[in-house]
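For the numbers below, each heavy atom of this structure counts, side chains included, while hydrogens, waters and symmetry mates do not. Along the sequence shown, residues are numbered consecutively beginning with 1.
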Amino acid sequence: MSEFQSDLLNLLSERGYIHQITDAGALDALAAKQVVPGYIGFDATAPSLHVGSLVQIMMLRRLQQSGHKPIVVMGGGTTKVGDPSGKDESRKMLTSEMIDENIASIRTVFEKLLTFGDGPTDAIMVNNDEWLSQLGYIELLRDVGPHFTINRMLTFDSVKLRLEREQPLTFLEFNYMILQAYDFRELSQRYACRLQMGGSDQWGNIVNGIELTRRMDGQEVFGLTTPLLTTADGSKMGKTAAGAVWLNEEQLPAYDFWQYWRNTDDRDAGRFLRLFTDLPLDEIARLEALEGSEINAAKVILANEVTKLVRGEDAARTAEATAAQTFAGGGMGEDLPVLEVSAEGVRAGAACTAIGFTASNGEAKRKIAEGAVKIDDHTVDDPGMLITLVPGEERKLSLGKKKHAILRGV
């Protein structure tokens with residue numbers, strides 16, 4: 001027996017996306033009856049989103065798969081202000097040109113995961129700068145300001161945490177929640193948008209938008225959030241010792257992206273297969289039940305499926321072949337990251353840091369002391385060891401069993 005009557009909420013529920021819904025019964029009835037346009041907002045602070053945003057992108061994909069209309073809102077306007085949620089400090093200001101370049105770059109990933117067009121369930125991408133930049137300050141204060149109380153705004157976690165830590169929260173950032181709420185109202189008017197989705201840290205912002213839309217227009221709209229996504233060891237999704245796991249190829253090679261998923265904690269394999277792939281649930285249940293070293297097969301499938309969706313079929317195939325070649329044959333796959341070494345050579349510790357295996361030379365020194373660093377499968381015991389190569393010569397640099405790179409003489 002299905003928990004919901006609509007395909008949308010059944011799909012989101014059985015794959016583990018639902019944390020909170022503002023009025024589940026009413027949203028379920030609406031989604032069973034008509035096409036529901038729904039949106040998620042994304043900042044444009046970098047040329048790529050990272051893996052932490054992938055669960056939101058997949059929610060828009062699920063929205064479309066169940067017969068509804070995804071609206072991707074790029075925060076060209078709000079990026080100029082800065083979302084204080086989860087931040088300890090103010091963000092750097094970007095020019096309009098930089099923001100536009102970032103949006104164009106980010107769009108390439110959405111085009112792989114959503115079908116864009118003019119049809120009733122085709123996705124659209126809009127930039128909130130279109131309407132936010134047109135707002136007059138006095139008009140905003142007069143029309144929107146009365147619907148927000150400072151008392152209430154001070155209770156939101158994004159504001160409270162910064163104040164408790166005695167870290168500056170600028171008036172500019174304090175306005176962010178008003179602008180995000182205004183987005184929902186504007187999307188409701190322009191595109192008949194009835195649903196805003198987001199991570200659980202956005203609940204307060206989403207509820208603000210729902211209340212503003214109801215008060216100004218008398219329109220009923222809904223909010224739905226996903227659980228806060230952490231890995232089994234408690235760390236935040238999409239962050240590694242080497243930095244963010246970017247979705248775009250230009251920011252992170254396909255092999256590294258594939259490896260991130262292959263290295264998933266065994267305990268996360270089933271959950272990630274449900275959230276980040278289109279595999280049928282009964283197949284996921286079978287993979288999730290694998291034990292011992294067999295769970296590795298499930299993680300290879302996870303890596304292949306996610307890489308296929310985000311980077312394309314060829315990237316997934318090449319990354320898997322590179323991994324098989326590197327691990328099984330002790331060889332050097334062609335898709336491994338490459339560090340070019342000049343005639344002067346490079347120290348072993350510095351090579352680890354330059355290729356991104358370690359965050360600092362101090363960490364590299366520790367890893368070498370632990371015996372974790374190898375060159376051509378021979379353990380390195382001196383971080384100061386000089387590696388010299390003739391032009392065209394290649395050697396394999398490894399950290400542990402899972403990180404490999406090519407040192408190439410130039």
Side-chain angles (χ1 to χ4, degrees), residues 1-4 6-21 24 50-66 109 112-113 197 199-200 224-240 245 247 254-313 315-324 326-328 400-403:
M1 177 71 182
S2 296
E3 188 184 345
F4 299 104
S6 67
D7 291 344
L8 171 64
L9 291 190
N10 275 320
L11 179 60
L12 292 178
S13 172
E14 62 194 17
R15 285 194 172 259
Y17 292 96
I18 298 177
H19 177 57
Q20 288 172 290
I21 308 177
H50 57 69
V51 159
S53 298
L54 189 56
V55 73
Q56 311 303 332
I57 302 173
M58 289 301 292
M59 280 178 88
L60 290 173
R61 184 176 172 85
R62 303 302 184 210
L63 189 73
Q64 191 164 50
Q65 285 172 338
S66 52
V109 167
K112 291 191 178 83
L113 289 149
M197 301 183 291
S200 57
L224 186 156
T225 61
T226 53
L228 182 66
L229 204 57
T230 54
T231 56
D233 64 7
S235 58
K236 203 172 174 187
M237 185 84 192
K239 292 283 196 296
T240 67
V245 181
L247 298 181
Y255 176 76
D256 292 342
F257 184 79
W258 188 93
Q259 273 295 337
Y260 172 78
W261 297 98
R262 168 62 185 83
N263 294 340
T264 292
D265 188 299
D266 294 357
R267 295 167 290 177
D268 287 327
R271 185 165 59 118
F272 287 1
L273 282 163
R274 276 188 289 278
L275 290 171
F276 299 113
T277 80
D278 288 340
L279 286 181
L281 290 170
D282 53 357
E283 171 66 359
I284 293 172
R286 184 188 71 76
L287 292 168
E288 194 175 19
L290 295 173
E291 291 180 356
S293 61
E294 286 189 345
I295 193 73
N296 289 329
K299 296 197 290 186
V300 167
I301 290 170
L302 171 68
N304 283 341
E305 292 296 318
V306 182
T307 307
K308 213 184 290 180
L309 282 176
V310 178
R311 299 295 183 84
E313 201 124 4
R317 223 183 354 258
T318 309
E320 186 185 12
T322 298
T326 304
F327 297 123
K401 291 179 180 175
K402 293 177 178 175
K403 288 189 174 179

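Between the NE2 atom in H19 and the CG atom in L12 there is a gap of 14.5 Å [rounded to 0.5 Å]. Between the OG atom of S6 and the CG atom of L9 there is a distance of 3.5 Å, given to the nearest 0.5 Å. Distance CD1/I295 to CG/L287: 7.5 Å, rounded to 0.5 Å. For the atom pair CG (L309) and CG (L54), the distance works out to 8.0 Å, reported to the nearest 0.5 Å. Taken from CG in D265 to CZ in F272, the straight-line distance is 8.5 Å, to the nearest 0.5 Å. For the atom pair CD of E313 and OG1 of T318, the computed distance is 10.5 Å after rounding to the nearest 0.5 Å.
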Show your reasoning for whether side-chain contact (heavy atoms from CB on, under 4.5 Å) applies to M58 and V306.
CA-CA 11 Å; M58 289 301 292; V306 182; over 6 Å; no
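For the pair M59/T226, a side-chain contact is recorded, criterion being any heavy-atom separation below 4.5 Å from C-beta on. Residues F257 and V51 form a side-chain contact, since some pair of their non-hydrogen atoms from C-beta on lies under 4.5 Å apart. Using a 4.5 Å cut-off on side-chain heavy atoms (C-beta onward), N304 and W258 make contact. Side chains of V310 and K112 form no contact here, defined as non-hydrogen atoms less than 4.5 Å apart. Side-chain contact between M197 and L60 is present, with heavy atoms from C-beta onward closer than 4.5 Å. With a 4.5 Å cut-off on side-chain heavy atoms, L228 and M237 do not count as touching.
Checked by atom type and distance alone, the side chain of T264 pairs as donor or acceptor with a backbone atom of W261 at under 3.5 Å. Side chain of R311 to main chain of L247: a donor-acceptor pair is present (N/O by atom type, distance under 3.5 Å, no hydrogens or angles). With hydrogens and angles disregarded, a donor-acceptor distance shorter than 3.5 Å links the side chain of S66 to the backbone of L63.
Smallest separation of non-hydrogen atoms from A303 and R262: CB-N, 3.7 Å. Nearest heavy atom pair, residue E320 against residue V300, reads OE2-CG1, 3.5 Å. Nearest heavy atoms, A319 versus A254: CB-O, 4.2 Å. Of all heavy-atom pairs between F4 and S13, the closest is CE1-CB, 3.8 Å. Closest non-hydrogen pair, K299 versus D266, comes out as NZ-OD1, 2.7 Å.
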Contacts under 3.5 angstrom, residues 274-284 side chains, donor-acceptor by atom type, not counting sequence neighbours:
unit_1: R274; atom_1: NH1; unit_2: E288; atom_2: OE1; d: 3.1
unit_1: R274; atom_1: NH2; unit_2: E288; atom_2: OE2; d: 3.2
unit_1: T277; atom_1: OG1; unit_2: L273; atom_2: O; d: 2.6
unit_1: T277; atom_1: OG1; unit_2: L279; atom_2: N; d: 3.2
unit_1: D278; atom_1: OD1; unit_2: R62; atom_2: NH1; d: 2.6
unit_1: D278; atom_1: OD1; unit_2: Q65; atom_2: NE2; d: 3.2
unit_1: D278; atom_1: OD2; unit_2: R61; atom_2: NE; d: 3.1
unit_1: D278; atom_1: OD2; unit_2: R61; atom_2: NH2; d: 2.5
unit_1: D278; atom_1: OD2; unit_2: Q65; atom_2: NE2; d: 3.4
unit_1: E283; atom_1: OE1; unit_2: R286; atom_2: NE; d: 3.2
unit_1: E283; atom_1: OE2; unit_2: R286; atom_2: NH2; d: 3.1

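Residues meeting the salt bridge (charged side-chain N to carboxylate O under 4.0 Å, His left out) test with E305, sequence neighbours left out: K308.
Salt bridge D233/R267: absent, no basic N to carboxylate O contact under 4.0 Å.
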